[in-house]
Amino acid sequence: MEPGLDPSRWLCAHGDALYAYARQRLGDAESAEDAVQSALLAALDAADSYRGQSAERTWLTGILRHKIADTLRQRYRDERRAEALRRELADPSDGTTGVFSDGRWAERQPAWADLPVGRSGLTGEAERREFQKVLLAAIDRLPPAMRDALVLRELEGLETDAICEVLGVTPTNLWTLIHRAKAKLRKELTREWFNAEDGNDLKKAARSRGDREDPATA
Amino acid sequence: MTRLFRAIWLVLTLRCEEADRLRSVRAMRDLTRSERLAERVHAGLCKSCRHARKQLDALDHALQDLRETSDAEPVPMPAETRERLERALRKRSDDRP
């Protein structure tokens with residue numbers, strides 16, 4: 001075995017990060033544990049082929065990504081989950097309930113203030129982390145198929161064909177899931193992050209956030 | 001001629017929901033010229049759709065940021081999980097020739 005590939009060290013050095021990665025992408029602790037275990041065991045079996053060309057964390061994460069895709073593929077082969085997915089897709093209002101009415105916006109869409117993305121400085125970084133927690137919680141609240149489609153596309157960066165193969169859906173169905181997921185996320189962020197239902201409240205919320213702006217970055 | 005008629009029809013009939021759907025999937029598939037034109041004309045006339053377009057751009061940017069930084073803050077693995085994984089790895093190590 002290559003030096004430095006001691007499994008107990010993997011857990012100490014990378015366990016939490018791998019678990020967080022899997023937990024975020026699979027949505028539940030049990031699946032995350034199974035995926036991390038499968039990945040570490042597979043890594044152990046393949047340890048002789050590790051050439052040190054990538055960092056150990058990167059190598060392990062690469063293996064974990066395959067295990068996550070396997071877990072999701074298995075999940076959608078389960079007939080109950082597949083049936084839930086069919087129901088989710090067949091409901092024309094799912095995900096967009098209250099967003100559209102007769103094809104038009106049910107409420108006027110507010111202009112968002114800037115999101116704390118890519119900010120530097122202590123306050124900027126803290127606000128960015130706070131926002132990511134809100135965003136991750138909103139992703140976790142999405143219906144399962146929408147969540148999985150969004151995660152595979154936006155967090156894993158998989159192409160359409162690969163996601164369709166994992167979820168067992170057509171590209172058109174995938175686009176529907178992504179559209180609904182993003183519509184739902186925007187509605188949630190308007191309420192949860194900007195603490196507003198309409199533009200007036202939004203401006204007020206933006207002003208109040210501006211008051212807490214890092215002087216170094218303002 | 002038929003294509004031109006279809007394009008004009010799409011521009012005239014596109015509603016907010018379909019315009020939003022086109023914006024959501026534009027990163028996953030190439031929109032047709034008619035779809036792009038219809039979405040632009042519609043957004044030019046609809047303030048909510050202009051705001052929605054900016055919201056979507058901001059959300060996409062935030063998701064990209066999340067993808068690039070999501071492993072920066074590890075979540076502590078529950079102690080029981082860690083123990084189970086340690087046992088499984090030890091067993092596999094012992095079983096190796």
Side-chain angles (χ1 to χ4, degrees), chain A residues 1 7-8 10-11 15-21 23-24 29 32-33 36-37 40-41 44-45 57 61 96 99-100 102-105 107-112 114-115 117-118 128-129 131-132 135-136 150 153-157 160 171 174-176 178-183 185-186 189-190 199, chain B residues 13-29 42-43 46-96:
Chain A
M1 191 185 296
S8 62
W10 285 350
L11 273 178
D16 289 347
L18 294 174
Y19 179 74
Y21 189 95
R23 176 76 183 74
Q24 195 180 84
E33 181 182 332
V36 171
Q37 177 167 326
L40 292 178
L41 292 179
L44 190 61
D45 290 341
R57 170 85 58 91
T61 305
T96 53
V99 179
F100 298 103
D102 196 23
R104 298 180 195 285
W105 295 104
E107 295 167 355
R108 71 191 176 92
Q109 292 302 292
W112 279 0
D114 287 344
L115 294 175
V117 173
R128 180 192 198 183
R129 290 276 169 224
F131 170 72
Q132 288 190 341
L135 178 57
L136 282 169
L150 187 92
R153 173 68 199 172
E154 302 295 343
L155 299 188
E156 284 295 283
T160 300
L174 176 63
W175 298 330
T176 299
I178 295 286
H179 168 240
R180 289 174 178 178
K182 288 187 175 179
L185 279 183
R186 281 179 288 153
L189 288 177
T190 297
Chain B
T13 58
L14 192 73
R15 290 187 179 196
C16 303
E17 186 168 10
E18 186 54 23
D20 197 56
R21 184 191 301 273
L22 292 176
R23 286 189 289 270
S24 293
V25 304
R26 71 197 155 171
M28 303 178 70
R29 74 165 173 92
H42 179 87
C46 174
K47 193 173 179 184
S48 273
C49 274
R50 286 199 296 280
H51 287 166
R53 188 198 268 173
K54 285 183 182 167
Q55 287 177 3
L56 194 60
D57 287 343
L59 176 64
D60 284 344
H61 194 193
L63 288 167
Q64 188 189 342
D65 191 50
L66 188 63
R67 179 158 102 191
E68 287 163 3
T69 61
S70 58
D71 63 349
E73 195 173 18
V75 175
M77 184 188 285
E80 286 176 8
T81 301
R82 185 178 293 275
E83 282 166 22
R84 270 198 295 273
L85 291 180
E86 269 169 1
R87 276 200 301 274
L89 283 168
R90 207 175 307 125
K91 183 172 183 313
R92 180 65 65 96
S93 280
D94 293 345
D95 290 347
R96 280 166 64 87

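Because the structure is predicted, anything quoted here is derived from the model rather than measured. Atom set for the values below is all heavy atoms of this structure, side chains included, hydrogens, waters and symmetry mates excluded. Sequence lines set the chain letters: A, B, ... in the order given, protein chains first and strands last, and positions in each chain run from 1.
The line from NZ of B:Lys47 to CD of A:Gln109 is 12.5 Å long, rounded to the nearest 0.5 Å. Atoms CG and CG, on A:Leu115 and B:Asp65 in that order, are 10.0 Å from each other to the nearest 0.5 Å. Residue A:Glu154 holds its CD atom at 5.5 Å from CG of B:Asp60, rounded to the nearest 0.5 Å. For the atom pair CG of A:Leu185 and CD of B:Gln55, the computed distance is 11.5 Å after rounding to the nearest 0.5 Å. Rounding to the nearest 0.5 angstrom, the gap separating the CH2 atom in A:Trp105 from the SG atom in B:Cys49 is 5.5 Å. For the atom pair CZ (A:Arg180) and CG (B:Asp20), the distance works out to 12.5 Å, reported to the nearest 0.5 Å.
Among B:Arg82, B:Glu18, B:Arg21, the residue making the largest number of heavy-atom pairs under 4.5 Å with chain A is B:Arg21. Between chain A and the options B:Ser24, B:Ala27, B:Ser48, the largest number of non-hydrogen pairs under 4.5 Å is found for B:Ser48. Counting heavy-atom pairs closer than 4.5 Å to chain B, the top residue among A:Arg153, A:Arg23, A:Arg186 is A:Arg186.
Side-chain contact check for A:Val117 versus B:Gln64: every heavy-atom pair is 4.5 Å or farther apart. Considering only heavy atoms from C-beta on, A:Leu11 comes within 4.5 Å of B:Leu89 through its side chain. Residues A:Trp175 and B:Met28 are in side-chain contact: their nearest non-hydrogen atoms beyond the backbone lie under 4.5 Å apart. At least one side-chain heavy atom of A:Lys182 sits less than 4.5 Å from a side-chain heavy atom of B:Leu59.
At a 4.5 Å heavy-atom cutoff, the contact between B:Leu56 and chain A is made by backbone and side-chain atoms alike. For B:Arg23, the part lying near chain A is the side chain, with the backbone staying farther off; criterion is any non-hydrogen pair under 4.5 Å. Both the backbone and the side chain of A:Leu41 come within less than 4.5 Å of a heavy atom in chain B. If you measure heavy-atom distances from B:Ala19 to chain A, you find no contacts under 4.5 Å at all. Looking at A:Leu18, there are no atoms closer than 4.5 Å to chain B (heavy atoms on both sides), in backbone or side chain.
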task: Evaluate salt bridge (charged side-chain N to carboxylate O under 4.0 Å, His left out) for A:Arg104 paired with B:Glu17, printing each intermediate quantity in order.
output: CA-CA 6 Å; A:Arg104 298 180 195 285; B:Glu17 186 168 10; over 6 Å; no
